[in-house]
Amino acid sequence: MSAMVETEGRQSVLVVEDEESYQDALAVGLATEGFVVVGAKTLADARDILARSTPDIILLDLMLPDGSGVDFCREVFHSRGIPVIMVTARTSEVDVVLGLEIGAADYVTKPYRLRELVARMRAILRRPPSTSDDDFIVFGDLKMDFVRRSVTRSGIDIELSRKEFDLLALFASHLGQVVTREVCLDTLWWGMQLSDTRTLDTHVKRLRQKIELDPTQPRHLVTIRGVGFRLDA
Ligand code: CA
């Protein structure tokens, strides 16, 4: 566990998996790929590890001896913001995982190839696109500070969740241009299926409530029907 804290520069993965063959293979395979790997065979073990450290990403089996990964995924995603890749044993479980909006960044179905898994992990862990050379951007009476990760109106802080800030940063980095729903989902929800866009709409709605003077008549964050959204100065 301490390796997670000490190994600066390497990304850490918590593998929550009760099948020993998978645990063993991933411990070797992911370490070879440069990851710091910590294993847990039960949800209780995983909670224990998370109480002491914060991995960069979690690989989470859906069926574990002491419960389902579904609630755990939701819990981790909302309280810690750690991306989770769900591992399902059957294709039929995939719909369940995606339909529940539990916050999974992606999923793989057993048996999966290490190469495929690593590619997905790297896609999720890649840094968000850099916004601009400037440290802040001003639109209307709002100022977005990328260094402080703050948004202010006339100097007063507007409280945004991490996801809301990231979404607004995405729009702000394309000020005056349309950002498609697909790009939003790919950037913030790592390729969540396009049919499942309620999460995006919810975040846009919440953003409007926070940044628009009249959320029903948005002047900054406008919807381009059937395409996406545009942030106007
Ligand atoms: Ca299992």
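Quick caveat, the model's predicted, so the values are computed rather than measured. Just follow the structure's listing: the first ligand is 1, and inside any ligand the first atom is 1.
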>> Phe171: which residues meet the ring-ring contact (aromatic ring centres under 6.0 Å, His included) condition with it, sequence neighbours left out?
In response: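 Per chain and number, Phe171 pairs via ring-ring contact (aromatic ring centres under 6.0 Å, His included) with Phe229.
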> Are Thr223 and Arg208 linked by a side-chain donor-acceptor pair shorter than 3.5 Å?
Replying inline: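 Yes, because at least one side-chain N or O of Thr223 sits under 3.5 Å from a partner of the opposite role on Arg208.
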> Would Asp166 and Arg149 satisfy salt bridge (Lys or Arg N to Asp or Glu O under 4.0 Å), going step by step from the backbone distance to the final call?
Replying inline: CA-CA 9 Å; Asp166 289 343; Arg149 282 184 68 86; 3.0 Å; yes
> Less than 4.0 Å between a side-chain N and a carboxylate O, is that true for Glu212 and Arg219?
Replying inline: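 No, no charged N to carboxylate O under 4.0 Å.
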>> Quick check for you: within a radius under 3.0 Å, how many protein N, O or S atoms neighbour the Ca ion (ligand 1)?
In response: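 Every protein N, O or S atom under 3.0 Å from the Ca ion (ligand 1) counted, the figure is 3.
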Enumerate, atom names and distances included, each donor-acceptor pair closer than 3.5 Å involving a side-chain atom of residues 21-41, sequence neighbours excluded.
from: Gln23; atom 1: NE2; to: Val15; atom 2: O; distance (Å): 3.0
from: Gln23; atom 1: NE2; to: Glu17; atom 2: O; distance (Å): 3.2
from: Gln23; atom 1: NE2; to: Ala40; atom 2: O; distance (Å): 3.0
from: Thr32; atom 1: OG1; to: Val28; atom 2: O; distance (Å): 2.7
from: Glu33; atom 1: OE1; to: Arg122; atom 2: NH2; distance (Å): 3.1

> Which other residues end up in the same hydrophobic cluster as Ile224, if Ile, Leu, Val, Met, Phe, Trp and Tyr are linked when side-chain heavy atoms come under 4.5 Å apart?
Replying inline: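 When side chains under 4.5 Å apart are linked, the cluster holding Ile224 also contains Val178, Val222, Val227.
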